Amino acid sequence: MATTDAEVERVRALVATIPPGRVVTYGDIAAAAGLSTPRTVGWIMRTDSADLPWHRVIGASGRPAAHLADRQLRLLATEGVAIREGRVDLRAARFPLP
């Protein structure tokens, strides 16, 4: 998966705009950044997001990845994100990206 520095920076900039208490999906970021697949966003988030609000990026189903679920849902809950049965209520919490 060839990813340019410009693509990485676009994704990082978009993630940085997500306010507390809101979430976006990997697909939302991919579309806003002009990427062909949400998987590229996932790769960028795995490799270059330690200084970003990574917990505000979630899968399209509203469920976090299993290995992140407890921590991610706890962080989101402290920000007031509605969570039901281990899933983020995307209708209530989704942030519209430009």
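For clarity, every value in this text was computed on a predicted model and none was experimentally measured. Note that the numbering runs from 1 along the sequence shown for the chain. Only this structure's heavy atoms are used, side chains among them; waters, hydrogens and symmetry mates stay out.
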Write down the atom of [X], the atom of [Y], and the distance for their closest heavy-atom approach.
X: P20; Y: E79; value: CA-OE1, 3.5 Å
X: L52; Y: A16; value: CD2-CB, 4.1 Å
X: P98; Y: A32; value: O-CB, 3.7 Å
X: R22; Y: P96; value: NH2-CD, 3.8 Å
X: A69; Y: P64; value: CA-CG, 3.6 Å
X: Q72; Y: H55; value: NE2-O, 3.0 Å

Do [X] and [Y] have side chains that get closer than 4.5 Å, going by heavy atoms?
X: L75; Y: W54; value: yes
X: V24; Y: R56; value: no
X: I18; Y: V23; value: no

Is there a path from [X] to [Y] through hydrophobic residues (I, L, V, M, F, W, Y) whose side chains come within less than 4.5 Å of each other?
X: V8; Y: Y26; value: yes
X: V88; Y: F95; value: no
X: L97; Y: M45; value: yes
X: V11; Y: V57; value: yes
X: V15; Y: I44; value: yes

Value rounded to 0.5 Å, distance of [atom1] in [X] from [atom2] in [Y]:
X: D5; Y: R12; atom1: CG; atom2: CZ; result: 11.5 Å
X: D28; Y: L14; atom1: CG; atom2: CG; result: 10.0 Å
X: R71; Y: L76; atom1: CZ; atom2: CG; result: 11.5 Å
X: T3; Y: D48; atom1: OG1; atom2: CG; result: 11.0 Å

Problem - Polar side-chain atom of T37 near backbone of T40 as donor-acceptor pair, under 3.5 Å - result: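 Here the side-chain-to-backbone pair does not exist.
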Exercise for the section: For R87 and S61, indicate whether the former's side chain and the latter's backbone hold a donor-acceptor pair under 3.5 Å. Expected result: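 Looks like yes, one N/O pair under 3.5 Å.
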Exercise for the section: Evaluate whether atom CG of D70 has more than 12 neighbouring non-hydrogen atoms of other residues, nucleotides or ligands under 6.0 angstrom away. Expected result: no
Exercise for the section: Give the intermediate values and the outcome of side chain to side chain contact (heavy atoms under 4.5 Å, CB included) for residues L73 and L68. Expected result: CA-CA 8 Å; L73 292 176; L68 298 172; over 6 Å; no
